[in-house]
Amino acid sequence: MGSEPVKQVRVLAPSGMLGAGWDHATIERGIALGADVISIDAGSTDSGPYYLGSSTPKTTAEAVARDLRSLLTAAAGAGIPVIVGSCGTSGTDSGVDWVAGIAAEVMAREGLSLKVARVYSEQSAAELKEHLDAGRIHPLPPMGPLRAETLESCTHIVGAMGHEPIVAALRAGAQVVLAGRATDTAVAAAYPLMKGMPAGPAWHAAKIVECGGQCTTDPRAGGVLATIDAGGFTIEPLDPAVSCTPITVAAHMLYESANPFEMREPAGTLDVRDARYVALDDRIVRVEGSRFHPAGQYTIKLEGARITGYETLSFTAIRDPLILADIDAWADLMRTMIRRRVHQTLGLADDEYAFDLRLYGHNAVLGDLEPETGPPREVGVMLLVNAPDQATATAIAKVANPLMLHLPTPAMGYLPSLAFPFSPAEVERGAAYEFALNHVVDCADPASLFRIEMGEKADA
């Protein structure tokens, strides 16, 4: 794993997410095309704060094991490294250990002997408070200055690493790097940068391949191979029936980007304003003109989540045309009646709990922006209660139960019967979480917030 420059580096990106699954034939094709490294992301904040707050993986162990078997057997046969970022969905230390445990089982079953590095990214509130006191933590919009109490309230905090800790693990001899929270692009950019590829093409290629086949004409068909060299990079789909076009490749700069021409990384900013996308044939695209501007201050983004209460869910469905004729008025009445009954029965003031009433089939998604008018044919009513403890949340939902089943409109002279889809009607969801951090910490050393543990080779 030397640091000597090479003429080009080929990065195989099988998918946008470990555990998503793929046809192993696409991996074999990438190996046959000369892949030098396999890189894949295993996490995201897209699914909300629960996975970080509770340190729970979104994917199932069986799916992760299947994908790791595909990658590790192929990489071992080709003698190339595998890099996995944001292990366990949120990149907590236990998430890294969870993926490492699955990898060890896969290697034992397959008779593989590979040296594994775990790169941990979880942060302690106590150490971060020292950075805060020293003025090294800064808010990102729309957050304000960070308070020490916010750090203390988080159940888990991670730092999103750049490529440097991954490179350190590779240089230490790792054949498999299992990283905690990392930027999606750092996972794919690390090996090319270690091998001396220019930062502009390396980071731009990493951005394009971060979601595997999403930059192709058929995102479901498999991954891609990026070949980075001194002048730029090429992108080729691993499924022979699929194509990359200048539009599908360039369009990925729009994905999860506030600015389609720039992308901020811990070490600096990718600039693609002058990038040119050219079709080499009907499947492969060449990109040149990407630049990378090093930052004056290296920063690591912090992500943290904390408990906001405990939730209980109830759901009912309405087909009654008299209610549906003015469903918004009925929903307003329901909100009023819930507050009144909760106060009468449980003695709780409005500020001691919260609930959300959403009308699916009416305006639950768009709310006041819903363009359709006129009564819907049927509506699903979701009641989500949040309280300081689970018992109180469930008690509130139970107080609302008769209303969710029989609440009439003022004009009705009878009790309607609505439809609970399950029994019991109340479903306890447990702790609810919110993201509490959107801040960066200044770092003199890119690896200072991260810890690397090298494992011995695992023999069957």
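For the numbers below, each heavy atom of this structure counts, side chains included, while hydrogens, waters and symmetry mates do not.
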Has His343 got more than 12 heavy atoms of other residues, nucleotides or ligands less than 6.0 Å from its NE2?
-> no

Are there more than 12 heavy atoms of other residues, nucleotides or ligands under 6.0 Å from atom CZ of Arg283?
-> yes

Is the shortest side-chain N to carboxylate O distance from Glu265 to Lys301 below 4.0 Å?
-> no

Report yes if some heavy atom in the side chain of Leu383 is under 4.5 Å from a heavy atom in the side chain of Leu313; otherwise report no.
-> no

Just by modelled atom types, is the Pro141 backbone N or O under 3.5 Å from a matching donor or acceptor in the Asn438 side chain?
-> yes

If you measure only the distance, is there a donor-acceptor pair under 3.5 Å linking the side chains of Glu428 and Tyr310?
-> no

Taking atom CZ of Arg264 as the centre, does the number of heavy atoms from other residues, nucleotides or ligands within less than 6.0 Å exceed 12?
-> yes

Note, Trp203 side chain near Ser290 side chain (heavy atom, < 4.5 Å) | no

Run the salt-bridge test on Glu262 and Arg273 with the 4.0 Å N-O cut-off and return the result as yes or no.
-> yes

Between Arg335 and Ile338, is any pair of side-chain heavy atoms under 4.5 Å apart?
-> no

So does Asp93 pair up with Arg118, basic N to acidic O under 4.0 Å?
-> no

Are Glu152 and Lys129 within salt-bridge range, i.e. N to O under 4.0 Å?
-> yes

Report yes or no: do Thr394 and Thr312 form a side-chain donor-acceptor pair below 3.5 Å?
-> yes

With no hydrogens and no angle check, is any side-chain donor or acceptor of Thr216 less than 3.5 Å from a backbone partner on Asp218?
-> yes

Do we see a donor-acceptor contact under 3.5 Å between the side chains of Lys207 and Thr185?
-> no

Do Ser70 and Asp67 have a side chain donor and acceptor closer than 3.5 Å?
-> no

Do Thr316 side-chain atoms and Met404 backbone N/O form a donor-acceptor pair below 3.5 Å?
-> yes

Within the distance-only criterion (no hydrogens, no angle test), does the side chain of Glu352 pair as donor or acceptor with the backbone N or O of Ala349 below 3.5 angstrom?
-> yes

Do His362 and Asp328 have side-chain atoms, one donor and one acceptor, less than 3.5 Å apart?
-> yes

More than 12 heavy atoms from other groups under 6.0 Å of CD1 on Ile247 = no

Arg69 side-chain N/O to Met107 backbone N/O, donor-acceptor pair under 3.5 Å | no

For the side chain of Asp23 and the backbone of Thr26, is there at least one donor-acceptor N/O pair under 3.5 Å apart?
-> no

Just how far is it from atom CD of Glu378 to atom CD1 of Ile327, taken to the nearest 0.5 Å?
-> 11.5 Å

Using a cut-off of 6.0 Å, state whether more than 12 heavy atoms not belonging to Arg341 lie near its atom CZ.
-> no

Atom pair CG (Leu437) and CG (Leu302), whose distance is rounded to the nearest 0.5 Å = 6.0 Å

Output yes when a side-chain donor or acceptor of Arg306 lies under 3.5 Å from a complementary backbone atom of Tyr433, and no otherwise.
-> no

Heavy-atom side-chain proximity of Val119 to Arg451 below 4.5 angstrom | no

Is Thr150 reaching over with its side chain to a backbone N or O of Leu146, donor-acceptor style, under 3.5 angstrom?
-> no

Count the heavy atoms belonging to other residues, nucleotides or ligands that lie under 6.0 Å from CD of Glu127, then report whether that count exceeds 12.
-> no

Got a donor-acceptor contact below 3.5 angstrom from the His293 side chain to the Thr269 backbone?
-> no

Under 3.5 Å: donor-acceptor pair, side chain of Ser39, backbone of Ile83 = no

So which heavy atom on Cys87 is nearest to which on Val96, and how close?
-> CB-CA, 3.7 Å

Do we see a donor-acceptor contact under 3.5 Å between the side chains of Ser94 and Ser55?
-> yes

What do you reckon, is OH of Tyr353 surrounded by more than 12 foreign heavy atoms closer than 6.0 Å?
-> yes

Heavy-atom check, side chain of Ile157 versus side chain of Glu122, under 4.5 Å = no

Looking only at side chains, do Thr92 and His156 share a donor and an acceptor under 3.5 Å apart?
-> no

Roughly how far, to the nearest 0.5 Å, is the CD1 atom of Ile40 from the OG atom of Ser86?
-> 11.5 Å

